[in-house]
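Because the structure is a prediction, the values reported are computed rather than measured.
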Amino acid sequence: MRKAWMVAAVVVAVATAGCASLMRQAFMEPVVTLKDVRLNGLGLQGGNLDVVLNVYNPNGYRLDATRVNYRLLIGDSVDVASGTITDRLTLQENDSTRLTIPVAFTFRGIGEAGRQLLNTGAVNYRVAGDVLVGTPVGSFTVPYSSTGRFSAFGGTR
């Protein structure tokens with residue numbers, strides 16, 4: 001009798017592991033793209049931006065994002081801001097969700113960007129990071145990176 005229970009437990013464990021493996025192979029990473037960067041205000045010390053990301057869930061099941069790490073860079077090397085958002089974000093199946101990240105910056109930290117903006121009227125930027133998503137088969141960290149150009153006269157491109 002004891003041997004039968006052990007065999008049954010092994011069969012259940014193998015079947016469960018096999019199903020989880022198949023589900024992991026069927027998991028498609030969410031697609032994170034930069035939608036917009038909006039300047040909310042400027043002061044003597046710096047300003048505030050809203051970085052708007054579009055997060056698309058290509059899976060046939062809901063995903064729960066529990067952490068978003070981000071970095072905002074001018075060009076590829078000047079760090080403007082970085083941080084983590086831990087608000088829960090639900091990504092419905094086969095649907096897109098917008099995520100707005102409020103970013104505060106100082107002029108001292110982005111001197112080169114200010115010079116570019118004054119000289120050319122535009123600045124190249126990059127937003128990068130990762131999203132931790134929970135699925136029915138476990139959690140996955142999904143990286144993202146997107147570039148654009150902020151124009152003082154025309155917004156983002």
*What residues, two or more places apart in sequence or in another chain, satisfy side-chain hydrogen bond (donor to acceptor under 3.5 Å, both in side chains) together with Asn54?*
none

*How long is the span from the CG atom in Leu63 to the OG1 atom in Thr135, to the nearest 0.5 Å?*
7.0 Å

*Linking Ile, Leu, Val, Met, Phe, Trp and Tyr by side-chain heavy atoms under 4.5 Å, what else ends up with Val31?*
Tyr56

*Arg71 and Asp79: side chain to side chain contact (heavy atoms under 4.5 Å, CB included), yes or no, with the steps?*
CA-CA 7 Å; Arg71 281 180 67 201; Asp79 271 312; 3.0 Å; yes

_Single-linkage hydrophobic cluster, 4.5 Å side-chain cutoff, Val131 and Leu89 together_ = yes

_Quick check for you: to the nearest 0.5 Å, what is the distance between Ser139 atom OG and Leu132 atom CG?_
5.0 Å

_Pairs meeting criterion salt bridge (charged side-chain N to carboxylate O under 4.0 Å, His left out) with involvement of residues 91-105, two or more places apart_ = none

*Worked verdict on Val37 versus Tyr125 for side chain to side chain contact (heavy atoms under 4.5 Å, CB included)*: CA-CA 10 Å; Val37 174; Tyr125 62 86; 3.6 Å; yes

*Ile74-Leu42 co-clustered via ILVMFWY side chain contacts under 4.5 Å*: yes

*Are Leu99 and Val68 close enough, and set up right, to give a side chain to side chain contact (heavy atoms under 4.5 Å, CB included), and what steps lead you there?*
CA-CA 10 Å; Leu99 172 63; Val68 178; 3.7 Å; yes

*For Asn48, which residues count as a side chain to side chain contact (heavy atoms under 4.5 Å, CB included) partner, sequence neighbours excluded?*
Asn40, Ala104

*In one Ile/Leu/Val/Met/Phe/Trp/Tyr side-chain cluster, 4.5 Å: Tyr70, Phe140*: yes

*Tell me, please, which residues at least two apart from Arg62 pass salt bridge (charged side-chain N to carboxylate O under 4.0 Å, His left out).*
Asp64

_Do Tyr144 and Ile85 land in one hydrophobic cluster if side-chain heavy atoms of ILVMFWY residues count as linked below 4.5 Å?_
yes

*asked:* How close do Gln92 and Asn57 get, counting heavy atoms only, and between which atoms?
replied: O-ND2, 3.3 Å

*Just jot down the side-chain hydrogen bond (donor to acceptor under 3.5 Å, both in side chains) partners of Ser145, sequence neighbours excluded, or say none.*
Arg126

*By side chain to side chain contact (heavy atoms under 4.5 Å, CB included), which residues pair with Asn69, not counting sequence neighbours?*
Arg67, Thr84, Asp130

*asked:* Just to verify, what does Ala81 make a side chain to side chain contact (heavy atoms under 4.5 Å, CB included) with, not counting sequence neighbours?
replied: Val103

*With rounding to the nearest 0.5 Å, note down the distance linking CZ in Arg149 to CG in Asn124.*
4.5 Å

*Sequence-distant partners of Val55, side chain to side chain contact (heavy atoms under 4.5 Å, CB included), two or more places apart*: Pro30, Val32, Leu91

_Verify same cluster id: Leu49, Val78 (apolar side-chain graph, 4.5 Å)_ = yes

*Minimal non-hydrogen separation, Met28 against Asn59, with atom names*: O-ND2, 2.6 Å

*Kindly compute the distance separating CG (Leu53) from CG (Asp36), expressed to the nearest 0.5 Å.*
10.5 Å

*List in chain and number order the residues that pass side-chain hydrogen bond (donor to acceptor under 3.5 Å, both in side chains) with Asn94, two or more places apart in sequence or in another chain; answer none if no residue qualifies.*
none

*Using a 4.5 Å cut-off on heavy atoms from C-beta on, say whether the side chain of Val133 contacts that of Val142.*
yes

